[in-house]
Amino acid sequence: SMEECEALCTRMAIMVNGRFRCLGSVQHLKNRFGDGYTVVVRVGGPGPEPVESLMVRRFPGIVLKERHGGLLQFQLPSRAGSLASIFSVLAAHRGPCHIEDYSVSQTTLDQVFVHFAREQSDEEPGGVAAPEQDAAPSPGKKLTSFLEDDSYQETTV
């Protein structure tokens, strides 16, 4: 669970295809590999269309991730706006756009992990497809290619 990792760990490492991709504190990973901010807006009144057009107009690059009735969730890249600008735009348009409440949060550790998980593949780093789990390796081929010591023999069970 990423929530447990965030609460208990002081340093984390993420591996993709058997290679370390990042190592650091939770906050470092969020800052370095996160996708900016998640903005959630609850809209009452006639509908969420004015808020959608406002956010797209004021923050180029913002993406509407979810829309459930009057609840909108946007993903905002950090380069598209600062926290101060997000809060000032939402506060200034609270009345005219019928915004009931809103929240701005940093990218979650789950989202950082999913970012790396997209890079996961069934191929070895050299570009050769990984063998099936049930398939036995061919004779003379090592199971772990990163070990180069020829003084031992590997076997499969």
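Throughout, numbering of the chain's residues begins at 1 and tracks the sequence.
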With the 4.5 Å side-chain cut-off for hydrophobic clustering, are [X] and [Y] part of the same group?
| X | Y | value |
| --- | --- | --- |
| M15 | L23 | no |
| I62 | V40 | no |
| V56 | V39 | yes |
| M55 | L71 | no |

Handout entry: Main-chain N/O of Y37 paired with Q75 side-chain donor or acceptor, under 3.5 Å
Key =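 Confirmed, Q75 side chain pairs with Y37 backbone.
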Exercise for the section: Ignoring hydrogens and angles, tell me if any N or O in the side chain of R42 forms a donor-acceptor pair with the backbone of I99 under 3.5 Å. Expected result: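 No.
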Nearest-0.5 Å distance, [atom1] of residue [X] to [atom2] of residue [Y]:
| X | Y | atom1 | atom2 | value |
| --- | --- | --- | --- | --- |
| S88 | H93 | OG | NE2 | 9.5 Å |
| F59 | L54 | CZ | CG | 7.5 Å |
| D110 | C5 | CG | SG | 9.5 Å |
| C22 | H115 | SG | NE2 | 8.5 Å |

Identify the heavy atoms of [X] and [Y] that sit nearest to each other, and give their distance.
| X | Y | value |
| --- | --- | --- |
| V43 | C97 | CG1-O, 3.6 Å |
| G36 | T107 | O-OG1, 2.8 Å |
| P46 | H98 | CD-CD2, 3.3 Å |
| A80 | P60 | CB-O, 3.2 Å |
| E100 | G44 | OE2-CA, 3.3 Å |
| P48 | G69 | CG-O, 3.8 Å |

Practice task
Give a yes or no on whether E49 atom CD has more than 12 heavy-atom contacts from other residues, nucleotides or ligands under 6.0 Å away.
Solution key: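 More than 12 heavy atoms, drawn from other residues, nucleotides or ligands, come within 6.0 Å of this atom.
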Exercise for the section: Return the orientation label for the Y102 and F87 ring planes: parallel under 30°, perpendicular over 60°, tilted otherwise. Expected result: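 Ring orientation of Y102 relative to F87: tilted.
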As a test of understanding, state which of [options] forms a side-chain contact (heavy atoms from CB on, under 4.5 Å) with [X].
| X | options | value |
| --- | --- | --- |
| M2 | V26, L109, T108 | L109 |
| Q27 | Q106, R32, E6 | Q106 |
| Q73 | V63, T38, V41, L64 | T38 |

